**Q** 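Here it is: the structure, laid out below.
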Amino acid sequence: MNPRTKHVLLLWLLVCSGGSTEAIEPISTSIAVGMAAALTGFLASYQNIFYYFHECCRPEWISFNRTGLEVDLESKLFGQHIASRIILKAVTGFMSNENPKKPLVLSLHGWTGTGKNFVSQMIADNVYKEGMDSSFVHIFTSELHFPHLSHFDTYKTQLQQWIRGNVSNCARSMFIFDEMDKMHPGLIDSIKPYLDYYDRLDGVSYRKAIFIFLSNAGGEGIIETALDFWKAGRDREELELKDLETVLSLSVFNNKRSGLWHTSLIDKNLVDFFVPFLPLEDRHVVQCVMAEMKARGLRPEQKVADQVARDIVYFPKSERVFSVKGCKTIASKLDYYT
């Protein structure tokens with residue numbers, strides 16, 4: 001056993017013992033004193049050793065990997081040229097700023113299976129060493145965490161406490177709100193102060209936190225615009241954010257079934273980017289299948305990918321332009337063909 005390993009084990013023994021003499025008996029007092037001296041020397045040499053054993057709110061565990069995010073967006077997210085560009089620039093700019101004026105607030109919109117959750121995971125994977133498993137990444141799902149309208153006031157209080165407590169613990173916390181289209185309207189307004197341009201609130205700064213909202217709301221407008229481009233014979237890559245951002249924000253703001261309905265977050269311009277996720281075409285579904293085979297350690301086969309893509313439901317039915325569920329059912333369908 002090398003000296004460093006011995007030191008680590010010694011440290012672990014003393015830490016786990018809680019420092020009590022009873023815990024280390026029957027070791028003699030003289031030996032215990034010697035161990036304490038060794039521990040002191042060890043800590044002087046390796047003062048940051050604890051940070052390597054347990055996730056902490058430090059650069060060792062939280063460090064933005066711009067190249068990693070760029071590669072992930074290019075190689076794993078298909079058919080989303082607008083979203084990819086916005087996400088990369090927004091996250092890079094925010095994480096590079098040591099003194100941001102407010103938290104980063106992203107609102108991702110589009111039909112199911114287009115990549116909203118996937119992008120959230122990519123961001124987490126390239127900010128936190130533990131990715132989505134990080135204790136600093138927090139996910140709220142409307143139907144799970146806020147199911148009953150009768151508990152509305154309780155949810156508001158709990159949500160404020162959760163966010164305040166977690167940001168107090170780590171300024172670089174990330175909060176993901178899934179199913180925003182199923183959240184009770186007005187609930188999300190309870191965290192409005194935390195997203196605003198305040199230096200501190202009750203001694204806590206929220207400026208370095210990231211808030212991501214995921215919603216199907218606004219998907220109809222995105223699909224309508226994409227379909228108009230297709231009918232006009234225009235390439236979907238010609239679509240730009242300006243073609244969708246205004247109609248998207250208005251659609252979400254005026255959608256009574258959305259958690260963002262008439263929210264002050266939009267009214268006060270606290271959402272930094274409304275990110276549209278376009279409906280996926282046949283070629284994108286094929287790319288999803290090929291990527292899934294590769295992720296499983298299988299040799300990607302074009303024939304299999306084409307077959308899986310053919311069995312997906314598309315709309316409009318006559319033209320079969322866009323996948324109804326995007327790439328969401330790809331994994332289960334691939335099981336049938338492999």
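Heads up: numbering here begins at 1 and tracks the sequence. All values below were derived from every heavy atom in this structure, side-chain atoms included, with hydrogens, water molecules and symmetry-related copies excluded. Quick caveat, the model's predicted, so the values are computed rather than measured.
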**Q** Determine whether V304 and I330 fall in the same hydrophobic cluster, where Ile, Leu, Val, Met, Phe, Trp and Tyr are linked whenever their side-chain heavy atoms lie under 4.5 Å apart.
**A**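 Hydrophobic grouping puts V304 with I330.
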**Q** Under 3.5 Å, side-chain donor or acceptor atoms of residues 284-292 against the rest of the protein: list the pairs with distances, not counting sequence neighbours.
**A**
residue	atom	partner	partner atom	Å
H284	ND1	E281	N	3.0
E292	OE2	R296	NE	2.9
E292	OE2	R296	NH2	3.4

**Q** Do the side chains of F146 and Q158 get nearer than 4.5 Å, heavy atoms only?
**A**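 Counting from C-beta outward, Q158 and F146 never come under 4.5 Å.
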**Q** Side-chain heavy atoms nearer than 4.5 Å, only ILVMFWY residues, links allowed to pass through others: does that put M132 and L77 together?
**A** yes
**Q** Taking side chain to side chain donor-acceptor pair (under 3.5 Å) as the test, write out the residues that go with Q302, two or more places apart.
**A** D306
**Q** Using a 4.5 Å cut-off on heavy atoms from C-beta on, say whether the side chain of D243 contacts that of E240.
**A**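 Yes, side chains in contact.
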**Q** Please give me the minimum heavy-atom distance between F94 and P100, naming the atom from each residue.
**A** CE1-CB, 3.7 Å
**Q** Looking at R207 and Y197, what are the two nearest heavy atoms and their distance?
**A** NH2-O, 4.4 Å
**Q** Could you grab the distance from atom CZ of F315 to atom OG of S323, nearest 0.5 Å is fine?
**A**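 Rounded to the nearest 0.5 Å, the CZ-OG separation comes out at 8.0 Å.
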**Q** Under a 4.5 Å cut-off applied to non-hydrogen side-chain atoms, are V127 and I62 in contact?
**A**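 They are in contact (side-chain heavy atoms under 4.5 Å apart), so the answer is yes.
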**Q** Got a sec, which residues hit salt bridge (Lys or Arg N to Asp or Glu O under 4.0 Å) with R66, two or more places apart in sequence or on another chain?
**A**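 Counting only residues at least two positions away or on another chain, R66 forms a salt bridge (Lys or Arg N to Asp or Glu O under 4.0 Å) with E70.
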**Q** Is any side-chain heavy atom of S135 less than 4.5 Å from a side-chain heavy atom of E130?
**A** no
**Q** Check the surroundings of atom CG in D335: do more than 12 heavy atoms from other residues, nucleotides or ligands lie under 6.0 Å from it?
**A** yes
**Q** Could you check I312 against K325 for side-chain contact (heavy atoms from CB on, under 4.5 Å), going step by step and ending with a plain yes or no?
**A** CA-CA 8 Å; I312 297 293; K325 296 183 179 180; over 6 Å; no
**Q** Could you walk me through whether F136 and C57 pass side-chain contact (heavy atoms from CB on, under 4.5 Å), step by step?
**A** CA-CA 8 Å; F136 307 124; C57 187; 4.0 Å; yes
**Q** If the test is salt bridge (Lys or Arg N to Asp or Glu O under 4.0 Å), which one of D272, D196, D199 qualifies with K102?
**A** D272
**Q** Apply salt bridge (Lys or Arg N to Asp or Glu O under 4.0 Å) to residues E301 and K303 and explain how you reach the verdict.
**A** CA-CA 6 Å; E301 295 185 30; K303 289 183 178 180; over 6 Å; no
**Q** Would you mind reporting whether P279 and Y314 have side-chain heavy atoms less than 4.5 Å apart?
**A**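 No, side chains not in contact.
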**Q** Just wondering, are more than 12 heavy atoms of other shown residues or ligands nearer than 6.0 Å to CZ in R283?
**A** yes
**Q** Within the distance-only criterion (no hydrogens, no angle test), does the side chain of K116 pair as donor or acceptor with the backbone N or O of F277 below 3.5 angstrom?
**A**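 Answer holds: no.
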**Q** Just verifying a value: how many Å separate L88 CG and T67 OG1, rounded to the nearest 0.5 Å?
**A**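 The distance works out to 9.5 Å.
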**Q** Sequence neighbours excluded and cut-off under 3.5 Å, please list the side-chain donor-acceptor pairs for residues 163-177, or say none.
**A**
residue	atom	partner	partner atom	Å
R164	NH2	Y194	OH	3.0
N166	OD1	H138	NE2	3.4
N166	ND2	W162	O	2.7
S168	OG	R164	O	2.7
S173	OG	N166	O	3.3
S173	OG	C170	O	2.6

**Q** Enter the distance from E319:CD to W230:CH2 here, rounded to the nearest 0.5 Å.
**A**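 The CD atom of E319 sits 4.5 Å away from the CH2 atom of W230.
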**Q** Do L241 and F274 come within less than 4.5 Å of each other through their side chains, counting heavy atoms only?
**A** no
**Q** Using side-chain heavy atoms (C-beta onward) and a distance below 4.5 Å, is L159 in contact with H145?
**A**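 They are not in side-chain contact.
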**Q** Assess the residue pair F322 and L278 against the criterion (side-chain contact (heavy atoms from CB on, under 4.5 Å)); give the C-alpha distance rounded to whole Å, side-chain angles, the decisive distance to 0.1 Å, and a yes or no.
**A** CA-CA 9 Å; F322 300 126; L278 302 172; over 6 Å; no
**Q** Mind listing the closest non-hydrogen atom pair of L214 and D181 along with its distance?
**A**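 For L214 and D181, the tightest heavy-atom pair comes out as O-OD1, 4.5 Å.
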**Q** Between CG of L73 and CZ of F118, what distance do you get to the nearest 0.5 Å?
**A** 9.5 Å
**Q** Are P276 and E245 packed together at the side-chain level, in the sense that at least one heavy-atom pair is separated by less than 4.5 angstrom?
**A**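 No. Closest side-chain heavy atoms not under 4.5 Å.
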**Q** Measure across G68 and N65 and return the closest heavy-atom pair with its distance rounded to 0.1 Å.
**A** N-OD1, 2.9 Å
**Q** Do I139 and F213 share a hydrophobic cluster (ILVMFWY, side-chain heavy atoms under 4.5 Å, transitive)?
**A**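 Yes, because I139 and F213 connect within a single hydrophobic cluster, where side-chain heavy atoms sit under 4.5 Å apart.
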**Q** Run the side-chain contact (heavy atoms from CB on, under 4.5 Å) check on L280 and F78 step by step: do they pass?
**A** CA-CA 8 Å; L280 301 182; F78 308 114; 5.6 Å; no
**Q** Answer yes or no: is there a donor N or O on one side and an acceptor on the other, between the side chain of E237 and the main chain of H81, under 3.5 Å?
**A**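 It does not hold such a pair.
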**Q** Determine all donor-acceptor pairs shorter than 3.5 Å in which one atom belongs to a side chain in residues 103-112; sequence neighbours excluded.
**A**
residue	atom	partner	partner atom	Å
S107	OG	H109	NE2	2.6
H109	ND1	A217	O	2.9
T112	OG1	K328	NZ	3.3

**Q** Could you tell me which non-hydrogen atom of M293 sits nearest to which non-hydrogen atom of R299, and how far apart they are?
**A**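 For M293 versus R299, the nearest heavy atoms are SD-O, 4.2 Å.
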**Q** Can you sort out the partners of D125 under salt bridge (Lys or Arg N to Asp or Glu O under 4.0 Å), two or more places apart, ordered by chain and number?
**A**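 Salt bridge (Lys or Arg N to Asp or Glu O under 4.0 Å) list for D125, sorted by chain: empty.
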**Q** First locate atom CG of L69, then atom OG1 of T92, and finally report the distance between them rounded to the nearest 0.5 Å.
**A** 6.0 Å
**Q** Tell me whether S142 contacts the main-chain N or O of K182 through its side chain, where contact means a donor paired with an acceptor under 3.5 Å.
**A** no
**Q** If you take all heavy atoms of L244 and I222, which pair is closest and at what distance?
**A** CD2-CA, 4.0 Å
**Q** Rounded to the nearest 0.5 Å, what's the gap from SG on C327 to NZ on K333? Could you check?
**A**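 Spacing of SG (C327) from NZ (K333) equals 12.5 Å.
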**Q** Look at the side-chain heavy atoms of Ile, Leu, Val, Met, Phe, Trp and Tyr, link any pair under 4.5 Å apart, and say whether F140 and L149 land in one connected group.
**A**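 Hydrophobic grouping puts F140 with L149.
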**Q** Within the distance-only criterion (no hydrogens, no angle test), does the side chain of S190 pair as donor or acceptor with the backbone N or O of L187 below 3.5 angstrom?
**A**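 Yes, S190 side chain to L187 backbone: donor-acceptor pair under 3.5 Å.
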**Q** Would you say K294 has more than 12 foreign heavy atoms packed within less than 6.0 Å of its NZ?
**A**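 For K294, atom NZ is not crowded (no more than 12 foreign heavy atoms under 6.0 Å).
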**Q** Q80 and T114: side-chain donor and acceptor closer than 3.5 Å?
**A**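 No donor-acceptor contact under 3.5 Å links the two side chains.
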**Q** If Ile, Leu, Val, Met, Phe, Trp and Tyr residues are connected whenever their side-chain heavy atoms lie under 4.5 Å apart, and connections chain through other members, are F211 and V204 in the same group?
**A** yes
